[in-house]
Amino acid sequence: MNQFVSNKLLLAVSLVFFSQITLADSSEVDTLAIECKQLNKEHNSSKALSVSSAILKIDNKNIHGLICKSRALAELDKPAEAIATLDEAGKVAVAQFDVLSVMTIKGSVYKNIKDYDAALKAYEAALEKAIALNNYRFQRTEYNLIAETHALKNDHNKALENYLEAGKLSANNEERADDYAKIAAAYSILGKTMDAVQSQLKVVVTVENTSDLDLIAESNLLMGQYYTANKDYKLAEIAINKVTKLAVEYGGAYWEAKSYYALALTKRANQELAAANDLLAKAKKINDTVGDKELSAEIQKAQNS
C-alpha cells in the first residue's frame, strides 16, 4: 500500500472514530438534559446543578445545560449567577423556543428577588420578541407574567389589563379556564364584583364537563365567594352546595369541609350567624380527620372573629 492510500485510510478511520465519539457525546447530553429538566421540576436543585455541570463539561455552550444551570442557581438563591448564566445562554440560543425561554426565565429571576422593574423589562422584551415571531404561546405567557408582576407592585389595573390580553390568546379549555379565573380574581381585588361573577361563570361553564373534580370544586367555591361579595347569597349557596354534593358523593372529605367553611362565610355575610357557627363547627370536625393545616387555620380564624 503506497503512502498516499495509507494516509487516506488513516484519515477515513479517524473521521469514523471521531464521528462515533461525537454521536455518543450528543446522546449523553440529550439524556442528561432530560434528567436535568426533571430534577428542576422536582426542585432538586443541587442535583440539577451537578447534572448541568456534566452537560457543560461535554459542551460548554449547550443551551439546555445553560438553561438548566440557570434554573438551579435561581432556586438555590444565587440570582446573580443565574443571570450571568442566562446571559451566556442568550448568546448561543438559536431556536425560537430557547431564545424566548432565556428571556422569560431572566424575568422570573428578577421577579423572585423582587426587582419588579427589571422583571417587567425582561418580560416586555420577551413579549415584543414573541409578537415579532408570531408566537402566540409565549405571548400569552408573557402577558400573564407581566400581569402577575404588576399585581405584586399593587398595580391591579395594569394587572387586569394584561390578564385580559392573555385571555384573548388562550388556545384550549384548560387555558381558557385558567385565564378567566385570573381575570375574575383581578376584578374581585378591584371591587368589581359583577365583573368577577361574570368571569368566574365562564370558568365554571368551561370546567363543568371535565373529569377534574378538584378543579370543579375550586371553581364553584370561588363562584360562591364572588356571588357573596356581590350579595347574591342564594346563588352563592347554590354554587357552594354543588361542591358539598360532589364531595359527599365521591368521598372528598377535604372539599366537604371546605364547602361548609365557604357556606359559613356566606351565611355570616347574610347575617345568619347561628347557621354560620354551626357550619364552622361542622367544617372543623371533618377537617380534623383530614388534617389540612391551612384550612384548619382559616376555620379557626373565622371562629375567633
Side-chain angles (χ1 to χ4, degrees), residues 38-48 71-72 74-77 108 111-114 144-145 147-149 151-152 154 156 159 174 177-178 180-189 196 200 203-204 207 210-229 233 236-270 272-305:
Q38 184 60 35
L39 287 166
N40 272 327
K41 281 185 179 179
E42 295 169 358
H43 304 287
N44 191 347
S45 307
S46 296
K47 179 66 174 174
R71 288 187 185 277
E75 184 94 359
L76 291 167
D77 199 24
S108 295
K111 185 178 71 173
N112 290 340
I113 61 172
K114 300 182 180 181
N144 273 317
L145 290 169
E148 288 172 17
T149 308
L152 289 168
N154 291 315
H156 297 291
E174 184 179 351
D178 181 57
Y180 289 143
K182 288 173 179 173
I183 291 166
Y187 275 130
S188 179
I189 290 170
Q200 189 62 25
V203 180
V204 171
V207 305
T210 72
S211 59
D212 190 334
L213 297 180
D214 288 340
L215 189 57
I216 292 170
E218 183 180 13
S219 63
N220 276 284
L221 287 186
L222 279 169
M223 189 77 258
Q225 179 183 317
Y226 296 145
Y227 272 136
T228 299
Y233 302 120
E237 288 192 31
I238 290 170
I240 296 166
N241 286 334
K242 188 185 294 185
V243 178
T244 307
K245 183 180 178 183
L246 277 172
V248 170
E249 185 176 349
Y250 291 99
Y254 167 77
W255 288 113
E256 186 180 358
K258 190 145 187 175
S259 69
Y260 291 140
Y261 165 71
L263 188 56
L265 298 186
T266 297
K267 292 287 189 183
R268 181 174 286 181
N270 199 27
E272 298 177 57
L273 302 183
N277 290 336
D278 288 344
L279 285 161
L280 286 172
K282 207 170 180 179
K284 182 180 185 306
K285 184 178 179 180
I286 294 172
N287 190 57
D288 283 346
T289 67
V290 176
D292 188 273
K293 293 181 180 179
E294 186 177 343
L295 181 56
S296 177
E298 290 174 350
I299 294 168
Q300 188 68 49
K301 182 179 178 182
Q303 287 180 317
N304 293 338
S305 62

A.B. asks: Under 4.0 Å between a side-chain nitrogen and a carboxylate oxygen: does that hold for Asp178 and Lys182?
C.D. replies: yes
A.B. asks: In Å and rounded to the nearest 0.5 Å, what is the CH2 to CG distance from Trp255 to Leu246?
C.D. replies: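 Output value for this atom pair is 11.0 Å.
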A.B. asks: Is it true that a side-chain atom of Gln200 and a backbone atom of Ser219 form a donor plus acceptor pair closer than 3.5 Å?
C.D. replies: yes
A.B. asks: Nearest 0.5 Å please: distance from the CG atom of Asn220 over to the NZ atom of Lys245.
C.D. replies: 12.0 Å
A.B. asks: Let me confirm one number: the CG-CG distance from Leu265 to Leu280, rounded to the nearest 0.5 Å.
C.D. replies: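 Output value for this atom pair is 7.0 Å.
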A.B. asks: Please confirm whether the backbone N or O of Asp292 pairs with a side-chain atom of Ser296, one donor and one acceptor, at under 3.5 Å?
C.D. replies: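 Checked: no pair found.
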A.B. asks: Closest heavy-atom contact between Thr266 and Ala236?
C.D. replies: CG2-CB, 3.9 Å
A.B. asks: At their closest point, which heavy atom of Arg268 faces which heavy atom of Ser305, and how far apart are they?
C.D. replies: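 In this case the closest contact between Arg268 and Ser305 is NH1-OG, 2.9 Å.
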A.B. asks: Output yes when Glu42 and Lys47 qualify as a salt bridge under the 4.0 Å nitrogen-oxygen rule, no when they do not.
C.D. replies: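 Salt bridge: no.
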A.B. asks: I need the minimum non-hydrogen distance between Ala253 and Val290, along with the two atoms involved.
C.D. replies: CB-CG2, 3.6 Å
A.B. asks: Taking the side chain as C-beta and beyond, is there a heavy-atom pair between Ile286 and Tyr260 under 4.5 Å?
C.D. replies: yes
A.B. asks: Under 4.5 Å between any side-chain heavy atoms of Ile299 and Gln303, yes or no?
C.D. replies: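 Counting from C-beta outward, Ile299 and Gln303 do come under 4.5 Å.
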A.B. asks: Can you tell me if Asn112 uses its side chain to pair, donor with acceptor, with the backbone of Ser108 under 3.5 Å?
C.D. replies: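 The answer is yes, because a donor-acceptor pair under 3.5 Å joins these two groups.
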A.B. asks: Would the distance check show the side chain of Thr149 and the main-chain N or O of Leu145 forming a donor-acceptor pair, the cut-off being under 3.5 Å?
C.D. replies: yes
A.B. asks: Look only at the side chain of Asn287 and the backbone of Ala283, and say whether a donor-acceptor pair between them is shorter than 3.5 Å.
C.D. replies: no
A.B. asks: Atom CG of Leu221 and atom NZ of Lys242: how far apart are they, to the nearest 0.5 Å?
C.D. replies: 11.0 Å
A.B. asks: Atom CG in Asn277, atom NZ in Lys267: separation rounded to 0.5 Å?
C.D. replies: 12.5 Å
A.B. asks: Which residues pass the salt bridge (Lys or Arg N to Asp or Glu O under 4.0 Å) test with Glu218, not counting sequence neighbours?
C.D. replies: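 So Glu218 forms no salt bridge (Lys or Arg N to Asp or Glu O under 4.0 Å) with any residue.
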A.B. asks: Hey, is the main chain of Ala48 close enough, under 3.5 Å, to the side chain of Arg71 for a donor-acceptor pair?
C.D. replies: no
A.B. asks: Applying side-chain contact (heavy atoms from CB on, under 4.5 Å), run through Asn241 and Ser259 and close with a yes or a no.
C.D. replies: CA-CA 7 Å; Asn241 286 334; Ser259 69; over 6 Å; no
A.B. asks: Can you name the nearest heavy-atom pair linking Gly224 to Ile240, along with the distance?
C.D. replies: CA-CG1, 4.0 Å
A.B. asks: Apply salt bridge (Lys or Arg N to Asp or Glu O under 4.0 Å) to Lys284 and list each qualifying residue two or more places apart in sequence or on a separate chain.
C.D. replies: Asp288
A.B. asks: Starting at OG1 of Thr228, measure out to CG of Leu222 and round the result to the nearest 0.5 Å.
C.D. replies: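 If I round to the nearest 0.5 Å, the distance is 11.0 Å.
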A.B. asks: Please report the closest heavy-atom contact between Ala185 and Tyr226, naming both atoms and the distance.
C.D. replies: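 Heavy atoms of Ala185 and Tyr226 come nearest at CA-OH, 3.4 Å.
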A.B. asks: Within the supplied structure, the quantity of interest is the number of heavy atoms (other residues, nucleotides, ligands) at a distance under 6.0 Å from Glu174 CD; does it exceed 12?
C.D. replies: no
